[in-house]
Amino acid sequence: MRIATWNINGIKARLELLVTWLSQEKPDIVVLQEIKSVDEGFPRAEIEALGYNVETHGQKSWNGVAILSLLPFDEVTRGLPGDDSDEQARLIEGVFSVESGAIRVCGIYLPNGNPVESEKFPYKLAWMRRLEAYVAERLLLEEPFILLGDFNLIPAPIDAHDPKAWWGDALYRPESLERFRTLSNMGMTDALRATTSEEAYTFWDFQAGAWRRNAGIRIDHLMLSPQAADRLDDVRVHKDVRGWEKPSDHVPVEGQFSF
DNA sequence: ATGTCCAAGCATCTTGGA
């Protein structure tokens, strides 16, 4: 089974790109971030035409997440618990049946957190604390649980072309990395790093010729419960998609599993 | 030095967000 994450940066502007990629790759499950659309505005018919079941958790203008799946959904959960005043659409989870039982796939768009001096940075850290509580509950289920998406976090120096330039940014500073490490310490495995110690960027800014200079960062991750990590075969970053017509600034990252 | 792109609105540019 192939399970992918992709920050699409606007579903309406990228529909053609997404349809091309889905038709070519036919992944089983895809989580999308930054759909920048309300649920009613999501172009579900075009994606359903490719055989996908579609569940969205959108909002106007910003954020918004979705799951596309060739398998039918057994359950869908929208939103991260822990703060009733939080109206940002950043989490959607689906449960699917496979031969060995159930798998749980949770797509997230973790807050960017910049500028660090603004209220956005404490919101990011608080969101990550809430995510830890959520993950702790999921781990108790002892099922294959795949937490994937745009984490807006650079885990280590190898994950940036110019780590010194990023140090201090909300994506790469001690408070953020401490929260990310906590997820690891709880038992969630960084799938890409379980398969390679090579550079593997997933984002290249639209600005400053970042793609041309390969000035990328790795911020899109698959984090796996032990039961999911046991079934991981490989991880593939679809780097070539960044060079396609009218690309997103992120590329798809795909985990291959023996489910 | 700055370089880009998307969504939305009392709109055809401006603004906020990344």
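Because the structure is a prediction, the values reported are computed rather than measured. In the text below, chain A, chain B and the rest are named by the order of the sequence lines, each starting its count at 1. These numbers come from the heavy atoms of this one structure, side chains and all, not from hydrogens, waters or symmetry mates.
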From [atom1] of [X] over to [atom2] of [N], roughly how many Å is that when rounded to an integer?
X	N	atom1	atom2	value
A/Leu171	B/dA18	CG	C1'	10 Å
A/Trp166	B/dA18	CH2	P	13 Å
A/Phe151	B/dA18	CZ	P	18 Å
A/Gln33	B/dA18	CD	P	14 Å
A/Lys124	B/dG17	NZ	P	16 Å
A/His250	B/dA18	NE2	C1'	8 Å

Below 4.0 angstrom, N of the basic side chain to O of the carboxylate: do [X] and [Y] qualify?
X	Y	value
A/Arg78	A/Glu55	yes
A/Lys246	A/Glu16	no
A/Arg193	A/Asp159	yes

When you compare [N] with [M], how far apart are their [atom1] atoms, in angstrom units rounded to a whole number?
N	M	atom1	value
B/dA11	B/dG16	C1'	16 Å
B/dC6	B/dA1	C1'	24 Å
B/dT14	B/dC10	C1'	14 Å
B/dA8	B/dG3	C1'	25 Å
B/dT12	B/dA7	C1'	15 Å

Aromatic contact, A/His250 with A/Trp6 (centres under 6.0 Å):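 Between A/His250 and A/Trp6, the centre distance exceeds or equals 6.0 Å.
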Name the orientation class of the two ring planes belonging to A/Tyr172 and A/Trp167 (parallel below 30°, tilted from 30 to 60°, perpendicular beyond 60°).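 Perpendicular.
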Name the orientation class of the two ring planes belonging to A/Phe151 and A/Phe180 (parallel below 30°, tilted from 30 to 60°, perpendicular beyond 60°). perpendicular
Which part of the nucleic acid, if any, lies within reach of A/Phe203 when heavy atoms closer than 4.0 Å are counted: base, sugar-phosphate only, or nothing? nothing
Produce a footprint string for nucleotides 2-12 of chain B: one letter per nucleotide, 5' end first; B if the base is under 4.0 Å from any protein heavy atom, S if only the sugar-phosphate is, - if neither. -BBSSSSS---
Counting only N and O atoms by type, is there a donor-acceptor contact under 3.5 Å from the side chain of A/Thr56 to the main-chain atoms of A/Gly58?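 No, the answer is negative, given that no donor and acceptor are paired below the 3.5 Å cut-off.
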